Structures are given as structure tokens and as C-alpha cells.
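Quick notes on the structure that follows.
Small disclaimer: the values here were computed from a predicted structure and weren't measured.
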Amino acid sequence: MTTSVLFISPDYASHYYPMSAIARVLHSRGNRVVFATGNALRARVLDDGFEHSDLTLGPGNNAGLMRTRSQSTDESSQMETFFEASRLGMVPALKHQAKSRLSDLLFEPERVTSDISTLIDACSPDVTVADHLAFGATAALRGLGQPFMGFHPGHPSAIPVDVPYGYPPHLPIRIKVDETGLKELKELCVQVSTSFTNEYNRMIQEIDPGASQLDDAFKAVSPHGTIVNYPSALGTSYGLPTSVRFIGSSVRKSRLTPELAPLFAEPRSRPRIYVSLGSFFSERTDILRKIVTAFRREPVEVVMARGVTPLSELGDIPSHWTIAEHLPQPAVISRSSLVITHGGNNTVTEALTAGVPLLIGPLSTDQFAAAADIEAAGLGRAFDPNHDSASTVADLASEVMSNNSLAASAIGQSLRARPGEVVAADLIEQKAQLDRSGREETPSHRV
């Protein structure tokens, strides 16, 4: 029986990518797939063969490259001040993000609730899958009494109740933070969680005055199940509720372009290092320049997605390197010896699925916990992107390729044997089947 699945996602490619991999599996099985997200992703959704329904959940968007000038004036200013905070280190960056959560996570709540109510009526989904971080959408769904499954695209450290949201439970070895700074950050995160939860509960109860109060809106998972895009082997220490399921890694499909294919078809005479700071942190030209300096005279081949950083800002580039604004990341990673990244969950899980070790320079949110997990599991190392030198980056890269490649290859084989997008699609179809069975068994009470 065909299942109608409604996905609700913020208007950001990084959130859409892993959800779209799941949607692709469901669509290939003959199910109806509708994506409710903003207009920045509309073309991508339609190109992937899904239906699109316009739903704006926040003031910003990112269709693939986060350009400051393409955002609203307020959003652009927020981004600029955040980049400056990230240059000062972990605590200033995470403090900035914590304060921002009070103003941008419950965007236009009345309009979002109205739009979602209309959307549910129009789509009549068998299953609704909402991004765990789309808080305005999940509050509306709770208030409307609409069952939904959660999908968490990020690192699982965002969910456990023993640490406040936005405070990293673990740090990698090279990230040094004084105890005073950590204490101040933790206190701020607790204050923000309390304030945000009050606003979240208020939004729900304005829709349904009888709705239950949540203890922590950031941590509240769906009782109908929450899917986490992360390997269980690395996530079991976080003590998540039983309704949370690790699926491994949901990886989008990508292919080498005709221009790139010949370059990657040539036999490799030296290690290939893939470098990306994601669609957002490619603004940190200083870090990309440091990485270029680290390997310019090393016997390696660098393939870099430079994002919004101009090529001219990177200095001299060896002729055998490949530098592009954007690259088909999963396809390139699978042909690489090492991935150097800021530690975004998509890049981390895509590298693990390909069996490629990581060197992570964390800059924000859950990236510090991700880097700590990678180190603890023997799958790579972390560097301090603001303070470590280019020579330190080169030394760490050599160490990772020598010491962590076998462990990365092993976890890659395990993740590829049971793709996360297939696991998630199975769970969604099972949920639809259970709901249909429940409806069929419920006696009618017609008068």
C-alpha cells in the first residue's frame, strides 16, 4: 500500500540532504513524498522528484552556499557577528549562538501554525517527519495534536538531558578552555533553555490550552519515534530515550561531474585530502588559507570545496590540486584518503560511511562533541582552527592517515552494509503500517 509521507525541514541544504536520502528510498518504493520547506530549496526538492510545499520556518536560508549578502539585513548582521565570535574561540562562539536562540527559533509562530494546519489538511499524510531542530514546526504539530516522527540531522549530544542544549558534553584534546569560561557558558545555556522552553510551551498552549507542558523544549523527542542520523557505535554513551533510534548514516547520492571524472580516474600517486568547511564556515578564509599553507609543499593532492572564499584569497595553488566553489561531496570523499572539516554532522557521517578518517577543526554547536567522539573511537583527530599552526595541521593529517585509516575502513564497511537511509525508510513505513492497523481495529461510533 502506498504511504504518503510529509517531511518538514528548515530551508537549509544541510538539513535537507540526509532527509532527502530517506525520501529517495521511500519514493523509489512507490510512496508519495512531500517536502514542506522554504523557497530556497524548492528547485532542489523538485529536481529530486518530490512534491514541494512552501513553508518558511526562519529568517535565513541556505540552498547550498551560505552567502551573507543573500540574507536579510538582520540575518546578515547576525552572521557577521557570529563569524567574529568564532575567531575568538569556542566559548564566545557558543555564547553567541545561545543568545541567538531566543530570537530566531520560534519565527512567526502564529503564521507557522496556520501554514502547518493548512498543509496537514491538504496533504493528509500517513506519516509526518519533522526535523527535530525545526522547533516552530514541532511546537505547532504538538499544539495541533498531529502525531509526527522526529528526524535529528545533527550530533546526538543535542538531545541528552544531563547537559543543557548548546553546551558540549565532551571536548577534543586540542581545544583548551578555561574553567571560568565553561562555567559561564553552561549557566548561559541553562538560562536560554529555560526561557526558550517557556516560549515553546506558550506557543503550544495558545493552540491548545490543555496541552501538556514540556520540561525542556530543546531535548523533547517525539513519543512516536525520533531518528538520529549518527552511528550507534559512536552514540550509545549519550543515554538517549528508548524512542530514539540511531540509523547509522543517511547519505545523499552524488556523482562526479564530467569535468571531475577524468581527474579522479587517474591512478593516485599521492594521498588525496578532501577539505571543506561546509556551506556556512567557508566564510572563514583564514582557516582555508592555513590548510593550503599546510600542504602546499607536502606530497599530497588536495581537493577543496572553497565555498564563498575567493580563489584569489588562498595564495599559490599547486597545479595538481583541485579547488572549486562546490564539489559533489560524497563522491569526492569516497575517493579520498583523509577528510579535513569543521565537523558538521553531514561531512562526518559521509566520511565514516566512506571509511575515510577525519581531521576536525570544530567551530560551533555540536562540532566539538563530534570531534571528541571521532578521537575517542580512533577514527581521526581534532585541531584548534583558530590557534594551531599550519605545520601542526600537516603533522596531525599525516598522523591520522597513518594511524586511523584501518578503523575508519572498518566502520565504513559496517555502515555501508546497512545504509541509514534504508533503515529510516523502513521505520517510517512500519510506523504508517502500525497507524493503519490501529485505525482499522478502532470501532466506528456513527450515530
Worksheet item: Counting N and O atoms only, with roles assigned by atom type, does the side chain of Asp388 sit under 3.5 Å from a partner on the main chain of Val393, one being a donor and the other an acceptor?
Response: no
Worksheet entry | Results of ring pair (Phe, Tyr, Trp, His ring centres under 6.0 Å) for His387 - residues two or more places apart only | none
Practice prompt. On the 0 to 90° scale, with breaks at 30° and 60°, tag the Tyr200-Phe196 ring pair as parallel, tilted or perpendicular.
Written response: tilted
Item to complete: Report yes or no: does Glu187 contribute a side-chain atom to a donor-acceptor pair with the main-chain N or O of Glu184 at less than 3.5 Å?
Response: no
Worksheet item: Are the side chain of Ser334 and the backbone of Ala331 linked by a donor-acceptor contact shorter than 3.5 Å?
Response: yes
Worksheet item: Are Glu313 and Arg306 close enough, and set up right, to give a salt bridge (Lys or Arg N to Asp or Glu O under 4.0 Å), and what steps lead you there?
Response: CA-CA 10 Å; Glu313 295 290 322; Arg306 61 179 174 81; over 6 Å; no
Worksheet entry | Backbone N/O of Phe151 and side chain of Thr226: donor-acceptor pair under 3.5 Å | no
Worksheet item: Are the side chain of Asn39 and the backbone of Arg42 linked by a donor-acceptor contact shorter than 3.5 Å?
Response: no
Discussion item. I'd like to know if the side chain of Asn61 and the backbone of Asp11 have a donor-acceptor N/O pair within less than 3.5 Å.
Written reply: no
Worksheet item: Is it true that Arg270 and Glu298 have a side-chain N and a carboxylate O under 4.0 angstrom from each other?
Response: no
Practice prompt. Please step through ring pair (Phe, Tyr, Trp, His ring centres under 6.0 Å) for the pair His15 and Phe7, ending with a clear verdict.
Written response: CA-CA 11 Å; His15 289 247; Phe7 287 91; over 10 Å; no
Discussion item. Under the rule for salt bridge (Lys or Arg N to Asp or Glu O under 4.0 Å), what residues qualify as partners of Glu110, not counting sequence neighbours?
Written reply: none
Fill in: Between Asp131 and Tyr12, a side-chain donor and acceptor under 3.5 Å
no
Worksheet item: So, does Lys99 use its side chain to make a donor-acceptor pair with the main chain of Leu188 at under 3.5 Å?
Response: no
Discussion item. I'd like to know whether Glu350 forms a salt bridge (Lys or Arg N to Asp or Glu O under 4.0 Å) with Arg252, so could you lay out the CA-CA distance, the side-chain angles of the two residues, the decisive distance to 0.1 Å, and finally the verdict.
Written reply: CA-CA 9 Å; Glu350 288 166 6; Arg252 54 188 154 133; 3.1 Å; yes
Worksheet item: Does Ser250 use its side chain to pair, donor to acceptor, with the backbone of Pro18 at less than 3.5 Å?
Response: yes
Worksheet entry | Salt-bridge criterion met for Arg418 and Asp426 (N-O under 4.0 Å) | yes
Practice prompt. Determine yes or no for a side-chain-to-main-chain donor-acceptor pair under 3.5 angstrom, with Ser337 supplying the side chain and Ile273 the backbone.
Written response: no
Worksheet item: In terms of ring plane angle, is the pair Phe218 and Tyr165 parallel, tilted or perpendicular, where the classes change at 30° and 60°?
Response: parallel
Worksheet item: Can a salt bridge be assigned to the pair Glu301 and Arg272 using a cut-off of 4.0 Å between side-chain N and carboxylate O?
Response: yes
